[in-house]
Asker: 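Mind having a look at this structure? Questions to follow.
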There are 2 protein chains.
Amino acid sequence: MSTAPAFRRSEPDARRLSLIEACARVLARAGIAGASVRTIAVEAGVSPGLVGHYFPGVDALIAATYGHTGARVDAALEAAVAAAGDDPRARLEAFVTASFTAPIADPELLATWIAFWSLVRARPEIAALHDEQYGGFRAQLEALLAAAGVARPELRPRAIELTALVDGLWLELCLSPQAFSADEAAAIARAALARIISPDRATG
Amino acid sequence: MSTAPAFRRSEPDARRLSLIEACARVLARAGIAGASVRTIAVEAGVSPGLVGHYFPGVDALIAATYGHTGARVDAALEAAVAAAGDDPRARLEAFVTASFTAPIADPELLATWIAFWSLVRARPEIAALHDEQYGGFRAQLEALLAAAGVARPELRPRAIELTALVDGLWLELCLSPQAFSADEAAAIARAALARIISPDRATG
DNA sequence: CCACTTGTTGTACGACTGTCCAACAAGGTT
DNA sequence: AACCTTGTTGGACAGTCGTACAACAAGTGG
């Protein structure tokens, strides 16, 4: 009678990814306060010591989780834009309203995101990740706005505006779901976009 | 030779306030992770045990700090509006741009605010405080928009929009100061406001 | 079947956490 | 001057934190 293996070995990359995903789940559930090495290890079904084997410290794991989560959000936005077809206006609306449907409109994702925000000031590497993430948002928005015929000097301020508006709506939608609905948030974003794209034919 | 007193007694309200202000400073400096009973006590120049004497637990102290900080922000906004005079448009602009000047445009205040956000999901009392705070923002904005002649059915969505826009701009301005300037943020908020108030005379 | 690499475990360590409470003393009253 | 209320201290307590590391074992090449 041979005993079952006490553990399975994994490909380093696969184990790394499973630790990152476990970290994301813990951040979503309990925020930064609950993201301890032991909690994350239990979530990943792994011994606490293994975290130190793949990451220099818990901060590095959290930074890696930011990168991974940011990439997932980027992918969701890109998919929404791609599904909208070729019309520049439709693509813009898709980008600007995607944050109010799954998988982005999720209080747990916001909890993860807030944890990252809370680290921006203290950890330079997280700050760099943040700058890159939001710079990417604005750059993508500038490209979509340009395709929709927005004048060159307007590109930058309008991209900043829409990024901030969507971020603010997403934040409040997830924090106070009863204050307004996801549909309301999407309608507000669309209305703001309409006012930006066609200033002389503004509509509610 | 008489020794100096080892400590001074304070009025309960004064000591309570000094603990709240120390808590706010710690949250600003180190975020929620650094807000321990001992750290706050040292910041207030007081023994650790005293915190438990004034608050049932550290959570209650943080909640009280949210209330106090929120009231300070409200006061700053109110002062900005009052200083703008009687013109409805000027009052709206003052409200909408006040977040990009001192004392609101402050990375340390944002750090405190992020700490509160991180507690909204877990602590119902913090969630209630948050709903009240942001409900107040929107109600004040609705009143200012109504005074500026915005149509009744537009009041709610435009108040939600402007609150979200200002919040998003403030967030990003404090997290990535090099991405855009406070003046730029104010100009963006003013332009959005202009598009809302006079949809047919939109300006950059 | 043995040897070797290395992913994995479990624990020990010092520092920190929140809560609690007996003892102390400051400041006012009698 | 003796007394009393109560703000305040400082440490005990059990628990958790991040890190480090020796020992173990899974899987592979021989």
Side-chain angles (χ1 to χ4, degrees), chain A residues 1-23 26-27 29-66 115 118-119 122-123 125-126, chain B residues 1-23 26-27 29-66 115 118-119 122-123 125-126:
Chain A
M1 160 179 181
S2 62
T3 59
F7 60 88
R8 281 180 308 161
R9 291 193 163 200
S10 283
E11 292 257 336
D13 287 346
R15 184 68 85 187
R16 234 184 109 85
L17 183 60
S18 85
L19 284 173
I20 286 174
E21 289 174 340
C23 178
V26 169
L27 286 174
R29 187 200 312 139
I32 191 72
S36 72
V37 170
R38 286 166 183 79
T39 309
I40 295 169
V42 168
E43 177 71 31
V46 134
S47 157
L50 197 57
V51 174
H53 189 262
Y54 282 98
F55 298 92
V58 80
D59 290 356
L61 171 53
I62 292 177
T65 305
Y66 192 1
S118 73
L119 298 175
R123 326 250 182 235
E125 73 187 311
I126 298 273
Chain B
M1 157 179 179
S2 63
T3 60
F7 59 89
R8 281 179 309 161
R9 291 193 163 202
S10 284
E11 292 259 335
D13 287 347
R15 185 68 85 187
R16 235 184 107 86
L17 183 60
S18 85
L19 284 173
I20 286 173
E21 288 174 340
C23 179
V26 170
L27 286 175
R29 186 199 315 138
I32 191 71
S36 73
V37 170
R38 285 167 183 78
T39 309
I40 295 169
V42 168
E43 177 72 31
V46 135
S47 158
L50 197 58
V51 174
H53 189 261
Y54 282 98
F55 298 92
V58 81
D59 290 356
L61 170 54
I62 292 178
T65 305
Y66 192 1
S118 73
L119 297 174
R123 325 253 182 231
E125 74 186 313
I126 300 272

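Chain A is the first sequence line, chain B the second, and so forth, proteins listed ahead of strands; every chain is numbered from 1. All values below were derived from every heavy atom in this structure, side-chain atoms included, with hydrogens, water molecules and symmetry-related copies excluded.
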Asker: Assess whether side chain to side chain contact (heavy atoms under 4.5 Å, CB included) is satisfied between A/I62 and A/R123, documenting all intermediate values.
Answerer: CA-CA 11 Å; A/I62 292 177; A/R123 326 250 182 235; over 6 Å; no
Asker: Which atoms form the tightest heavy-atom contact between B/V58 and B/A35, and what is the distance?
Answerer: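 The answer is CG2-O, 4.2 Å.
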Asker: So, is A/R15 near the phosphate of C/dT8, with a side-chain N or O under 4.0 Å from OP1 or OP2?
Answerer: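 So the side-chain polar atoms of A/R15 do come within 4.0 Å of the phosphate oxygens OP1 or OP2 of C/dT8, strictly under.
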Asker: Could you state the atom-to-atom distance from CD1 of A/I32 to P of C/dT17 in whole Å?
Answerer: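 Going from A/I32 (CD1) to C/dT17 (P), I get 16 Å.
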Asker: Scan nucleotides 19-21 of chain C against the protein and return all N/O pairs shorter than 3.5 Å with their distances rounded to 0.1 Å.
Answerer:
from   : atom 1 : to    : atom 2 : distance (Å)
C/dT19 : OP2    : B/V58 : N      : 3.3

Asker: Under 4.0 Å, heavy atoms only, any strand: does B/V46 hit a base, just the sugar-phosphate, or nothing?
Answerer: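 Sugar-phosphate, backbone atoms only, no base.
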Asker: Taking any heavy-atom pair under 4.0 Å as a contact, classify A/A14: base, sugar-phosphate, or nothing.
Answerer: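 The residue A/A14 makes no contact with any strand.
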Asker: Testing the basics here: between B/V37 and B/P48, what is the closest heavy-atom pair and its distance to 0.1 Å?
Answerer: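 Closest approach of B/V37 to B/P48: CG1-O, 3.6 Å.
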Asker: If the test is side-chain contact (heavy atoms from CB on, under 4.5 Å), which one of B/R29, B/E21, B/R38 qualifies with B/E43?
Answerer: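 With B/E43 as partner, B/R29, B/E21, B/R38 yield a single side-chain contact (heavy atoms from CB on, under 4.5 Å), made by B/R29.
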Asker: Across the strands shown, which category fits A/A33 at heavy-atom distances under 4.0 angstrom: base, sugar-phosphate, nothing?
Answerer: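 Counting heavy atoms under 4.0 Å across all strands, no contact is made by A/A33.
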Asker: Go through the N and O atoms of the side chain of A/R9 and the base of C/dT6, and report whether any donor-acceptor pair is under 3.5 Å.
Answerer: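 Flag set: donor-acceptor pair detected.
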Asker: Would you name the heavy atoms of B/I126 and B/A63 that are closest together and state the gap between them?
Answerer: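 Scanning both residues, the minimum pair turns out to be CD1-CA, 3.7 Å.
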Asker: What I'd like to find out is whether the side chain of A/L61 reaches to under 4.5 Å of the side chain of A/T65, using heavy atoms alone.
Answerer: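 With C-beta onward as the side chain, the pair touches.
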Asker: Atom CD of A/E11 and atom P of C/dT8: how far apart are they, to the nearest Å?
Answerer: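 The answer, rounded to whole Å, is 10 Å.
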Asker: Side chain to side chain contact (heavy atoms under 4.5 Å, CB included) for A/F55 and A/I20? Distances and angles first, verdict last.
Answerer: CA-CA 10 Å; A/F55 298 92; A/I20 286 174; 4.0 Å; yes
Asker: Please give, in whole Å, the distance from C/dT8 C1' to A/R16 CZ?
Answerer: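 It is 17 Å, rounded to the nearest whole Å.
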Asker: Heavy atoms of chain A, cut-off under 4.0 Å: which first and last nucleotide of DNA chain D, 5' to 3', fall inside that, if you could look?
Answerer: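 Taking any atom under 4.0 Å from a heavy atom of chain A, the span is D/dC17 to D/dA26.
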Asker: Looking only at heavy atoms, what is the nearest atom pair of B/A115 and B/L27, with distance?
Answerer: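 Looking at all heavy atoms of both residues, the closest pair is CB-CD2, 3.8 Å.
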Asker: Going through the checks in order, is the side chain to side chain contact (heavy atoms under 4.5 Å, CB included) test met by B/S36 and B/T39?
Answerer: CA-CA 5 Å; B/S36 73; B/T39 309; 2.7 Å; yes
Asker: Looking across every strand, which nucleic acid part, if any, lies under 4.0 Å from B/F55 by heavy atom: base, sugar-phosphate, or nothing?
Answerer: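 Nothing: the residue B/F55, judged by heavy atoms under 4.0 Å, touches no strand.
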